[in-house]
Amino acid sequence: MTPDPWRKAPLIAGNWKMHKTPAEARGLVRSLLGQLAAEPAAEVLLLPPFTALEAVVEELGGDTRVRVGAQNCHHEAAGAFTGEISAPMLAPLCDYVLVGHSERRHLMGESDNVVRRKLDAVLVAGLLPVLAVGETAAERSAGVTEAVVERQARAGLEGLAIGEIGRCTVAYEPVWAIGTGATATPDDAAAAAAVIHRVVAELSSGEVEVRVLYGGSVTPANAASLLSAPGVRGALVGGASLRADEFAGIVAAAG
Ligand code: PGA
């Protein structure tokens with residue numbers, strides 16, 4: 001599968017987490033649209049909570065500068081899973097689904113196996129997965145960062161068809177850097193990205209490359225240096241994506 005041309009651009013994704021009512025989401029989208037360049041050099045992706053997805057899509061009004069995704073989904077397509085949302089339910093509303101965010105892995109107990117089932121469900125629904133991987137502070141101190149990144153990337157992608165791997169984006173997010181103000185160095189990000197690229201090359205016999213994003217306390221001040229790390233092709237932004245000026249600043253830094 002030949003990726004669409006826009007998939008070659010860096011991807012700047014804003015993970016709003018559990019923030020924003022539909023009305024607040026509309027306001028944030030309006031101010032973001034006012035601050036983005038007419039033709040941003042990056043692909044821009046918003047990941048609002050489920051309850052604001054429709055409002056965000058409506059407020060974008062077909063503006064092609066911004067795409068929409070969900071932060072999570074259930075691995076089954078339908079059934080008796082009270083409180084859950086499936087990939088086919090998201091398909092009419094968005095293009096992307098984030099799977100394996102560390103808050104889901106560590107706060108909600110999602111295993112590599114569950115994350116993989118979700119990624120499969122996203123692909124089956126015709127959506128584009130963003131697979132998040134990354135080591136905890138304890139794993140980093142134990143010197144197993146690269147082993148953890150490799151294990152999570154492999155668990156997420158092994159056995160997929162080459163075309164399916166080509167539809168994936170992988171976000172390297174060191175858990176200790178998320179929401180803490182601490183960031184990995186560009187060298188740390190490059191080292192993790194190299195592991196991910198190596199796994200993808202091996203699993204796809206060198207046929208495809210994926211975009212690797214860095215996430216963890218990305219701000220307008222540090223975005224340019226993190227985005228220039230070799231092998232890094234975008235950012236997954238949490239806190240700073242809740243402010244239109246900061247998020248637009250990070251998008252501009254990707255240009
Ligand atoms: P942060 O979050 O930018 O607030 O550190 C990143 C993320 O969790 O995706």
Side-chain angles (χ1 to χ4, degrees), residues 10-20 24-25 28 32 42-50 52-53 56 66-73 94-110 115 118-119 122 128-137 139-140 145 148-149 152-153 156 168-186 188-189 192-193 196 210-227 229 232-254:
L11 176 65
I12 306 295
N15 174 12
W16 292 2
K17 308 192 181 185
M18 198 171 71
H19 295 283
K20 305 293 174 190
E24 291 165 348
L28 181 51
L32 180 63
E43 183 191 350
V44 181
L45 172 63
L46 298 180
L47 304 167
F50 295 132
L53 276 170
V56 166
V66 182
R67 287 172 182 263
V68 180
Q71 299 170 16
N72 177 40
C73 69
C94 61
D95 296 321
Y96 283 89
V97 182
L98 177 61
V99 297
H101 189 278
S102 68
E103 285 149 21
R104 304 238 29 118
R105 290 179 189 267
H106 300 292
L107 303 178
M108 313 292 170
E110 290 186 7
V115 171
K118 292 182 179 212
L119 185 139
V122 172
L128 300 166
V130 178
L131 169 68
V133 302
E135 82 287 0
T136 62
E139 288 165 337
R140 180 176 168 83
T145 295
V148 169
V149 169
Q152 293 179 345
C168 296
T169 299
V170 181
Y172 168 60
E173 297 207 302
V175 180
W176 49 270
I178 294 178
T180 58
T183 48
T185 63
D188 291 333
I196 296 163
V210 299
R211 281 184 297 194
V212 174
L213 315 182
Y214 169 78
S217 298
V218 177
T219 65
N222 63 25
S225 72
L226 287 161
L227 288 166
V232 172
R233 200 83 182 108
L236 181 51
V237 184
S241 72
L242 296 170
R243 296 217 12 203
D245 55 344
E246 294 197 7
F247 191 58
I250 294 168
V251 174

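Every number for a ligand or one of its atoms is a count from 1 in the order of the listing.
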Participant: Between Arg211 (side chain only) and Thr169 (backbone N and O only), is there a donor and an acceptor less than 3.5 Å apart?
Facilitator: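 Side chain of Arg211 to backbone of Thr169, a donor-acceptor pair under 3.5 Å: no, none is there.
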
Participant: Under a 3.5 Å threshold, yes or no: a donor from one side chain and an acceptor from the other, between Glu173 and His101?
Facilitator: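 Side-chain D/A pair, Glu173 to His101: present.
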
Participant: Starting from the N and O atoms of ligand 1, collect every protein N/O partner closer than 3.5 Å and put each pair on its own line with the distance to 0.1 Å.
Facilitator:
from	atom 1	to	atom 2	distance (Å)
ligand 1	2 (O)	Lys17	NZ	3.4
ligand 1	2 (O)	Gly238	N	3.4
ligand 1	3 (O)	Ser217	N	3.4
ligand 1	3 (O)	Gly238	N	2.8
ligand 1	4 (O)	Gly239	N	2.8
ligand 1	5 (O)	Gly179	N	2.6
ligand 1	5 (O)	Ser217	N	2.7
ligand 1	8 (O)	Lys17	NZ	2.7
ligand 1	8 (O)	His101	NE2	2.6
ligand 1	9 (O)	His101	NE2	3.3
ligand 1	9 (O)	Glu173	OE1	3.3
ligand 1	9 (O)	Glu173	OE2	2.7

Participant: Just to verify, what does Thr185 make a side chain to side chain donor-acceptor pair (under 3.5 Å) with, not counting sequence neighbours?
Facilitator: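 By the side chain to side chain donor-acceptor pair (under 3.5 Å) rule, Thr185 matches Asp188.
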
Participant: Excluding sequence neighbours, so at least two apart, what forms salt bridge (charged side-chain N to carboxylate O under 4.0 Å, His left out) with Lys17?
Facilitator: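 Testing Lys17 for salt bridge (charged side-chain N to carboxylate O under 4.0 Å, His left out), a comparison that skips the adjacent residues, returns Glu103.
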
Participant: Between Gln152 and Gly134 (side chain of the first, backbone of the second, donor and acceptor by atom type, cut-off under 3.5 Å), is there such a pair?
Facilitator: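 A pair under 3.5 Å: yes.
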
Participant: Listed by chain and number, what are the salt bridge (charged side-chain N to carboxylate O under 4.0 Å, His left out) partners of Glu139, not counting sequence neighbours?
Facilitator: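 So Glu139 forms no salt bridge (charged side-chain N to carboxylate O under 4.0 Å, His left out) with any residue.
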
